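Structure first, then comments.
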Amino acid sequence: MRSNRSFFAPGRSVLRSLPFVSRGLFVLFFFLLAYGAIAVAEVKPAPRPLVVGSKNFTEGVVLGELVRALASTAGPADHRQALGGTRLVFNALASGEIDVYAEYTGTLTHEILAKQKPGSLEEIRAILDKSGLLTSESLGFKDNFALGMRRDLAERLNIRRISDLRAHPELVFRFGTEFMERGDGWPGLREHYGLPQEDVLGIEHDLAYRGLAAGEVELTDLYTTDAEIAYYDLLTLEDDLNYFPPYEALLLYRAELAETHPAALEAMLRLQGEISEAEMVSMNARVKLGRVQENVVAADFLRESLGVEIHARETRRVDRFFRYTGQHLALVASSLSFAILIAVPLGVAAARRPRLAQVILGVVGVAQTIPALALLVFMIPLFGIGAGPAVVALFLYSLLPIVRNTHTGLMGIPLPLRESAEALGLPSGARLRLIEGPLAAPSILAGIKTAAVINVGAATLGALVGAGGYGQPILTGIRLDDMGLILEGAVPAALLALCVQWLFEWAERAVIPAGLRTRSRV
Amino acid sequence: MIELSHVTKRYVESTALDDCDLVIAPGETTVLIGPSGCGKSTILRLMIGLQLPDEGLIRFSGQPLELSALPALRQRMGYVLQDGGLFPHLSARDNVTLMARYVGWDAQNVSRRVEELAELTHFPIDGLDRFPLELSGGQQQRVSLMRALMLDPEVLLLDEPLGALDPMIRFELQNDLREIFSRLSKTVVMVTHDLGEAAFFGDTIVLLRGGKIVQRGTLQQMLNSPADEFVARFIQAQRAPFEAMERRP
C-alpha cells in the first residue's frame, strides 16, 4: 500500500493542497451540503401560493382539502396537512405562515381566546379582528366534544349521563392529548362534574378508539362527527350539566386575503352553510374506515354538493415514496452538513483550550438532553413551521457526537507525536491539517456516523412540524389506523439508517489513512 | 552554538533544572548524562522549545529562543525521540519529506535529498514507501534520523535515540550514528543514561544530578579527577559496560 503523496506547497489548488484524508472529508461534506441546499430549496418554493393549514385529525385534513380544492379553482394553493395541535396551527396562522384553516367556535372561546372569555361570535370576531384575522360563517355543522364508551359496557353499568360516572371511580379514562390539557377539556370537566376517576392518561385520539374496541380503555373523548362512533357502536354520554360549549365549524383566515387572493377567498367561502353534520360524518367515515384519500373525498363532495368539478386522484405509492425520500434526505443532509461545519471547529477549539472544552462540551451536551418533541416546538416561534425548525433541531442533536469525537480524537493523539510535529517547526494550523487532523480522522468520522444515524431516525419527528419526510406516512398511518401507511414510512427510515451506516463504513475505508489501518508486519 | 544562562525549570513537584549554565560548542558532540530525573531531557526540550524556562535565557546562534521565533529556529534543528515519534499515517518517505514539502522544496530536490539520506543512514530505498508500523524499531530510528536531517539543520538533538532498541540493533546503529556524526561534522547534543554510549559518542560529556551540572569534560577527566563523590560512584556503577566498550577495537 502506498500513501498519497500529494504536494502541499503554496500555489497549488485548495483541494490538491489538502492531504488525502481532509480531501475525502471535504468531498463528502460538500456533497452533503450541496444536496441539502438543493433539496431544501425544493421544499420551500419561491412563488407565493395560498397556503391552507390543518390540525392533525382527519376532519381537519378533509376540511383543509375542501378549502384547498376550492381555492385552487382561482389560483395555486397548497395544503400543509396535519400540522399539529390547535396552538401550533393557530400560531402559524397568526404569524402568516398559513392563510386559512378550519376551526370551531368552542375552541376559540375556551382555548384560543380563553383569557378574553368572549361570550358570542360577535365578540370573537372583535378580538380576532385586532390580530388581522377573520372568521367565515358556520360551515353548517357542529363537531362537539363528548364522552363516549362502549354501549354494552355503559348498559351493564347503567351509565347514560356524564354525572352517572361519579358512581364508577374505577373506570379507565384515556383522552386525546389535546383534550387532557385544554381549558375546555378534562381539567374543567372533572371540576364541573366532580369526577373521581384516577386512572386518566393522555393518548393519541385515534389510538383511543382502538383501545375502546379492545376493552383496554373504558371511556374516551369523542368528536361528535367521528365516524368511529357508529362503527364501534359507542354510546355518547349526555352532557346533563351543560359543560361542553357548542363547536360550530368555520374557517379562520387572514384579513389580507381579501386583497392578495380575492378570487380564492370567494371560492373557499362557498363552503359556508354547505356541510351538514351527516355529510361530515360520512366524509370522515370514507377516509377513516373506507381508506379513501382526503383529496378524493373532498372532490366527490364538491362535485355532488356544489357542482364544482375538481380533478383529484389518489397519489401513487411510488410517487409518495420519492417525495418522502427527497424530503427526508434534505432534512438529514442539510442539518448534518451544518453540524459538521460547526461541530468540527468546536471540537478543535475544545481540544486546544481545556477551559473552553468544559463550556463547549457542556453546552452541546445540554442541547442533547432536550426532548426532541420539545426542541421542535421551541424552534417553531423562531423558524416557523416546515423544514426550518426540523433542520435546526436535528442540527443541534448532531453537534454532541461530532464535537465529542473530534475532541477525543485530538486529545487521544500520543504526546510524542504531537511534540514531534511541533519540534519539526510546523506552525499550529499546519500541525492540525497535516498531522493531528488525519490522526483524529477515524474518531471524527465515527462521530459523524453516529450523528447521521441518529439524525435519520430523529428526522421522522420532523413531520410533526410540517417538515415532511418518512414521518409523514407514519403520522398519517397512526391517524388512519393504517398499518400499510406506517410501514411506508418506517421501513424506508430503517433502510436509510442502514444505508447511512454502510456509506460511512465505505467512507472510513476511503478516508482513514492507510498507515493507521496497517498492522505491524514485523 | 546553543547557550543556556541561569536557566531554571520547575515542575509542580520538583525542580528539573536549577540555575544552569551550559554552552554547546559548534561542530562537537556533547552528551548529557545522569540518573533518571537529573534534568538531561529537560535541557534538550528547552533547546527545541517544547518547554520554556521559568528563569534564565536560552540563545541559539546568539538569538534568544522566543515563542515567536520558534517555528523558524526549529527548522534549523533536528530532533530525534527515543521511540522515533514517526507519524503513523504517513509513509517513511512522507515522514522524512514533510517539512521540506511544507517549506516548498521542489520535487526533484526532495527526492535527491531522500536518496542521499537513505544512503547515509543505510536505510533500504524500497522501505521508504512503507508505513512506520511496517518497519522494525531500528529502521524506524533511521527514518527518524533522516527526518531530522532532511533540512540539513545546524544542530541535531537526540533524546535517548537508541534507548528502545534491543542490544544487537543498538550496537549496529551506534556505529552507524558515530560514522554519520563524523561525516557531517554537525553540532550534536545527545541524551543518554548509558556511560558507555556517552564515551562512545561524546567529545564532551556533561554529568547532571538533581538539576545541576556536576562535572563537564571527557570521560578520562572524570575517571582521573572526579569532581565529587557522586561522579566517582556514578562512573564506578557503570564501569563494567564501559570497560567492555574499551576492549572493542
Side-chain angles (χ1 to χ4, degrees), chain A residues 1-12 16-25 409 412-445 508 511-522, chain B residues 44-45 47-51 68-107 110-111 128-140 144 147-148 150-151 153 157 159:
Chain A
M1 258 175 295
R2 294 166 68 87
S3 80
N4 184 283
R5 247 188 282 147
S6 79
F7 272 67
F8 29 75
R12 314 257 169 175
R16 285 290 299 167
S17 75
L18 289 172
F20 182 59
V21 178
S22 323
R23 208 183 313 152
L25 280 175
I413 298 173
L415 190 66
L417 291 185
R418 277 189 271 162
E419 290 193 339
S420 289
E422 214 182 324
L424 277 177
L426 286 172
S428 174
R431 291 203 299 273
L432 186 66
R433 188 161 53 86
L434 301 172
I435 309 296
E436 294 169 10
L439 288 176
S443 175
I444 296 173
L445 199 68
E508 270 166 16
V511 163
I512 291 175
L516 299 186
R517 282 183 268 124
T518 316
R519 296 260 171 90
S520 173
R521 283 187 206 158
V522 181
Chain B
L44 218 57
R45 294 166 61 81
M47 286 175 172
I48 190 92
L50 287 175
Q51 285 171 338
S68 58
L70 273 179
L73 286 181
R74 279 168 176 159
Q75 291 177 21
R76 296 163 62 186
M77 307 184 222
Y79 182 62
V80 178
L81 283 166
Q82 177 171 333
D83 62 0
L86 294 177
F87 306 122
H89 65 297
L90 299 177
S91 66
R93 183 191 302 277
D94 288 347
N95 262 285
V96 172
T97 60
L98 182 70
M99 266 325 275
R101 288 178 293 148
Y102 179 76
V103 298
W105 283 27
D106 69 43
V110 168
S111 62
L128 281 171
D129 291 316
R130 295 217 188 144
F131 290 107
L133 284 176
E134 300 170 315
L135 300 173
S136 70
Q139 284 175 323
Q140 286 185 24
S144 188
R147 184 172 74 181
M150 183 70 194
L151 297 186
L157 307 173
D159 193 352

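What you are looking at is a predicted structure, and each value in this text was computed from that prediction instead of being measured. We name chains A, B, ... by the order of the sequence lines, and we start the count at 1 in each one.
Summarising the geometry of A:Leu417 relative to B:Phe87, their closest heavy-atom pair is O-CE2, 3.4 Å, with the distance given to 0.1 Å. Across B:Leu81 and A:Ser420, no two heavy atoms sit closer than the pair CD1-OG, 3.3 Å. Taking every heavy atom of both residues into account, A:Leu424 and B:Arg147 meet most closely at CD2-CG, 4.0 Å. Across B:Arg74 and A:Gly425, no two heavy atoms sit closer than the pair CB-CA, 3.7 Å. Listed here is the closest heavy atom pair of B:His89 and A:Leu439: ND1-CD2, 3.4 Å.
Ranked by heavy-atom pairs shorter than 4.5 Å toward chain A, the options B:Ile48, B:Thr97, B:Val80 are led by B:Ile48. Between chain B and the residues A:Pro416, A:Pro427, A:Ala430, A:Ala423, the largest count of heavy-atom pairs under 4.5 Å involves A:Ala423.
Residue contact with chain A, scored on non-hydrogen atoms closer than 4.5 Å, involves the backbone of B:Leu86 exclusively. Residue B:Arg76 does not touch chain A at all, counting heavy-atom pairs closer than 4.5 Å.
To the nearest 0.5 Å, atom CG of residue B:Leu98 and atom CD1 of residue A:Ile435 are 5.0 Å apart. The structure places CD of A:Glu422 at 10.0 Å from OH of B:Tyr79, a figure rounded to the nearest 0.5 Å.
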